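Take a look at the structure below.
Being a predicted model, the structure only gives us computed values, none of them experimental. Keep in mind that the numbers below use all heavy atoms, side chains included, and drop hydrogens, waters and symmetry copies. Every number for a ligand or one of its atoms is a count from 1 in the order of the listing. This chain uses plain numbering: 1 for the first residue, then up along the sequence.
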Amino acid sequence: MTRQVTLRPETKNDFSEVFEVNRAAFGRDDEAKLVDALRNNPKAFIPELSIVATENDKVVGHILFTRIDIEDDAGNLHEILALAPMAVRPEFQNSGIGGRLIEKGLAAAKASGYRSVIVLGHEHYYPKFGFEPAGKWNIKAPFDVPANVFMAIELVEDGLKNISGTVIYPKEFETV
Ligand SMILES: CC(C)(COP(=O)(O)OP(=O)(O)OC[C@H]1O[C@@H](n2cnc3c(N)ncnc32)[C@H](O)[C@@H]1OP(=O)(O)O)[C@@H](O)C(=O)NCCC(=O)NCCS
């Protein structure tokens, strides 16, 4: 069966379904609450980069990109994006919805003028979309993680040129 899935920025009417999608996908509330908290942080939250996948007007997937900073050795801050979290309802997984959300999100981020994105995630999944270990640009996570799960992508040529250092996540991420 071919799924008729539509991708679009979320609206207020989607908030409770986005919560449910995250809760169902992660099997806990933490990421769902993180999304709610990030919506209330105007420095981090970018409405057009909170994107839902719907089928028959029901939200089946969600992806969020928020602003983060990278602090370099001289203490300068460089604003880029982080992809987190993303979720697809368990019964809808493995049919390409996650991949479509990533591709749509990266294109929307680029269209909004962002130049690069980092992600902490599965090392076999995100490279399909062009992510590479962030160590390539000397970008580090603020906590210990295996090098291959902390990744970045340039949305434009040299999008990470002269950007290196340690990621500073919005404080809302401390709860997950
Ligand atoms: C990760 C997730 C969003 C992918 O959504 P999806 O719609 O199933 O994604 P797609 O159909 O585009 O791709 C499925 C691929 O993801 C892979 N995948 C799914 N979960 C994975 C995991 N935990 N580890 C590694 N790979 C995984 C599948 O093996 C499949 O790979 P293939 O394309 O080589 O066959 C979905 O599995 C999910 O919601 N997982 C729970 C929440 C989560 O872990 N989110 C990501 C971290 S923020």
Side-chain angles (χ1 to χ4, degrees), residues 1-10 14-39 41 44-68 70 80-110 114 116-134 139-153 155 167-176:
M1 186 186 75
T2 308
R3 294 198 177 282
Q4 294 291 321
V5 173
T6 302
L7 305 189
R8 58 166 174 76
E10 69 170 8
D14 300 315
F15 291 176
S16 60
E17 282 189 73
V18 168
F19 191 98
E20 287 309 319
V21 166
N22 277 280
R23 180 158 70 177
F26 286 96
R28 59 180 198 177
D29 278 357
D30 302 45
E31 288 76 11
K33 288 179 177 166
L34 170 64
V35 173
D36 281 353
L38 285 166
R39 283 198 198 95
N41 178 346
F45 191 69
I46 307 159
E48 74 265 25
L49 298 184
S50 186
I51 298 170
V52 291
T54 65
E55 188 180 77
N56 297 328
D57 292 329
K58 180 178 141 97
V59 178
V60 298
H62 172 251
I63 193 168
L64 180 63
F65 297 79
T66 51
R67 293 187 199 94
I68 52 135
I70 294 180
I80 71 164
L81 295 180
L83 187 178
M86 72 172 291
V88 173
R89 276 190 191 277
E91 62 272 32
F92 287 81
Q93 290 176 8
N94 292 310
S95 59
I97 296 172
R100 286 185 57 195
L101 280 166
I102 293 174
E103 283 168 357
K104 174 92 171 180
L106 294 177
K110 184 177 176 182
Y114 294 96
S116 58
V117 178
I118 59 139
V119 69
L120 172 65
H122 311 308
E123 73 267 33
H124 299 301
Y125 187 54
Y126 294 98
K128 291 181 209 167
F129 307 97
F131 285 89
E132 298 176 78
I139 293 171
K140 302 182 205 68
F143 32 72
D144 281 339
V145 283
N148 54 352
V149 303
F150 195 65
M151 294 166 264
I153 185 171
L155 301 176
V167 168
I168 304 174
Y169 282 100
K171 63 180 185 327
E172 288 79 3
F173 279 91
E174 288 164 15
T175 60
V176 291

- Student check: side-chain heavy atoms of F65 and V117 closer than 4.5 Å: yes

Atom 27 (C) of ligand 1 sits nearest the protein heavy atom H122 CD2, 4.2 Å

Check the orientation of Y169 and F173. Use parallel for under 30°, tilted for 30 to 60°, and perpendicular for over 60°.
tilted

Any side-chain to backbone donor/acceptor pair from R89 onto V59? Under 3.5 Å, distance only.
yes

* Is atom 18 (N) of ligand 1 in close reach of the protein, with a heavy atom under 4.0 Å away? -> no

Using a 3.5 Å distance criterion without hydrogens, assess whether the side chain of S95 forms a donor-acceptor pair with backbone atoms of F92.
yes

Worksheet item: Quick check: does any side chain N or O of N22 sit under 3.5 Å from a backbone N or O of V18, one acting as donor and the other as acceptor?
Response: yes

Report task. Measure the distances from the heavy atoms of M86 to every atom of ligand 1 and state whether one is below 4.0 angstrom. Result -> yes

Logged contact type for S95 with ligand 1, heavy-atom cut-off 4.0 Å, is backbone

Ranked by distance from atom 31 (O) of ligand 1, the top protein heavy atom is K128 NZ, 3.2 Å

Note to self: Between ligand 1 and P85, is the shortest N or O to N or O distance under 3.5 Å?
What the structure shows: no

Separation between CD1 (I97) and NZ (K104), nearest 0.5 Å, reads 14.5 Å

- Message: Taking a cutoff of less than 4.0 Å between a non-hydrogen atom of the residue and any ligand atom, is Y126 in contact with ligand 1?
- Response: yes

